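Here the structure is laid out as structure tokens; the discussion comes afterwards.
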Amino acid sequence: MAAFHEIPKIPFEGPDSKNPLSFRHYDENEVVEGKTMKEQFRFSVAYWHTMRGTGADPFGPGTMLRPWEGPEDTVENAANRVRVAFEFSEKLGAPFFCFHDRDVAPEAATLAETNKNLDAVVKVIREEMDRTGIRLLWGTANLFSHPRYMHGAATSCNADAFAHAAAQVKKALEVTQELGGDGYVFWGGREGYQTWWNTDMKRELDHLAAFMHMAVDYAKEIGFTGQFYFEPKPKEPTKHQYDFDAAACINFLRAYGLTDHVKLNLETNHATLAGHNVEHELDYAGYQGFLGSVDANTGDLLLGWDTDQFPTDVYLAAKIMLAFLKYGGLAPGGVNFDAKLRRESFEPVDLFHAHIGGMDCFAKGLKVAAQIRADGELARMLDERYASWNAGVGAEIETGKHDFKTLEKYMLEKGDAEPNRSGRQELFENIVNRYVF
Ligand code: XLS
Ligand code: NI
Ligand code: NI
């Protein structure tokens, strides 16, 4: 039986619509910068939050009303949940989903039994994908929930935890390939540490690199050609996560010879937790060729943890889309809503409100970004700000015609630098506002 029988396929009704179950900006067929919105965003529903989020927090149990859930998490229950998930994505019109191995099928007493459970549920996922045309943006393995990973997985002091994680990722890669996934994500979960006293950092990072190389090698062996992503996050669950931010991840990939195989999956609120804005992370990764995919969400500036709220800020979406358009678009990545409902929003319909809001926010953000690019005024102002590098000594420095001695001579002759010009931050902000309201 359908789980959302009272909810229709969400239509696009345009900006004046007051229907909460409609899109005001996301029209999947509208072409922006040469691609339909559907192709631009490649929106993805995160299975772990949307289908497995219970609303539990450290002070109380789950609150979510999910009438399709059975009393026990059996394979049958998991298979039924898959059907509900696809009904949801179909009605929403989201063309992709993402999952961890343990989101979709229950873990059993042994790895062999767990793999069997996974295979049984993956069969149903495959059926539902074929029925709906919904595709897998990326797969991943949960290497952080089970107590065996309390010290980490690839960076654990327990070699057996590493071995178990390897077996798990091997299987997750096979499943991702079987489902035609466009990518595979490494998020470091517990790959970090709580205290320096009990931690051999070099050994742990060497192990993490060896682990990633094994994954890359195995992908090659089985012919999995999807994109690998590394997802930065500075803290939570551990105090010091090794994948702190884009810069730390890129440095790690370079240090260990993984740059040809792995790009970054950047998450909005992880950037905030690292003390950056997401546009900083996107641009930093982008200019070095590591821009991969985005986990779209937002944090709460009054709270210091990963609240994973749905994005509703048009400025934020515009900045994300500007960055992606600048570096050639999102594919094979996408916009994955790594976001969850508040504990108080416990009814199934809230899942629709949340995703509709996020998709509309990004659609409006894309329109703003495209308009900014089409008008070119901000780009002209930016170029003007760096005008001193377009000719004269600036151009000569950029083309390698100078050294300290020639620059000393230049400045001794000139006496002092040209006076600075205003940075015009407020004007830049006002011009951005023209496109938003
Ligand atoms: C947790 C991460 C996680 C990854 C996938 O904070 O965002 O959800 O995206 O393992
Ligand atoms: Ni994420
Ligand atoms: Ni997160």
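Just so we're clear, the structure is a prediction, and the values are computed from it rather than from any experiment. Numbering of ligands and ligand atoms starts at 1, following listing order.
The closest approach of Glu231 to the Ni ion (ligand 2), by N/O/S atoms, is made by OE2. The N, O or S atom of Asp306 with the smallest distance to the Ni ion (ligand 3) is OD2. Taking the N/O/S atoms of Asp338 in turn, the shortest distance to the Ni ion (ligand 2) belongs to OD2.
Here Asp295 has side-chain heavy atoms under 4.0 Å from ligand 1, and that is the only part of it that gets that close.
Ionic pairing of Glu87 and Lys91 is present here: one or more N-O contacts between side-chain nitrogen and carboxylate oxygen are shorter than 4.0 angstrom. Salt bridge present: Asp130 and Arg126 bring a charged side-chain N and a carboxylate O closer than 4.0 Å. Under 4.0 Å is where a charged nitrogen must lie from a carboxylate oxygen, and between Lys364 and Asp360 no such pair does. Ion pairing between Glu113 and Lys116 fails under the 4.0 Å rule for side-chain N and carboxylate O. The existence of a salt bridge linking Asp73 and Arg52 is confirmed by a sub-4.0 Å separation between a basic side-chain nitrogen and an acidic carboxylate oxygen.
Atoms of ligand 1 found under 4.0 Å from any heavy atom of Trp48 (numbered from 1 in listed order, with element): 8 (O). Heavy-atom contacts of His100 reach the following atoms of ligand 1: 5 (C), 10 (O) (cutoff under 4.0 Å). Taking every non-hydrogen atom of Asp306 and a distance limit under 4.0 Å, the qualifying atoms of ligand 1 come out as 6 (O).
Expressed to the nearest 10°, the angle at the Ni ion (ligand 3) joining OE2 in Glu267 with NE2 in His270 is 80°.
Close placement of the Phe86 and Phe97 rings is indicated, their centers lying within 6.0 Å of each other. Between Phe88 and Phe352, the ring center distance clears the sub-6.0 Å criterion.
Under a 4.0 angstrom heavy-atom cut-off, His270 registers as being in contact with ligand 1.
Metal site remark for the Ni ion (ligand 3): Asp295 contributes no N, O or S atom at a distance under 2.8 Å.
For Lys233, a nitrogen or oxygen atom sits less than 3.5 Å from a nitrogen or oxygen atom of ligand 1, counting backbone and side chain alike. When only interatomic distances are considered, the shortest N/O to N/O separation between Glu267 and ligand 1 falls below 3.5 Å.
Put simply, the side chain of Tyr256 reaches to within 4.5 Å of the side chain of Leu205, judged on heavy atoms.
Protein heavy atom at the shortest distance from atom 8 (O) of ligand 1 is Asp338 OD2, 2.9 Å.
The closest non-hydrogen atom to atom 2 (C) of ligand 1, taken over Gln241, Glu231, Lys340, comes from Glu231.
Within 6.0 Å of atom CZ in Arg148, more than 12 heavy atoms from other residues, nucleotides or ligands are found, so the atom counts as buried in its surroundings.
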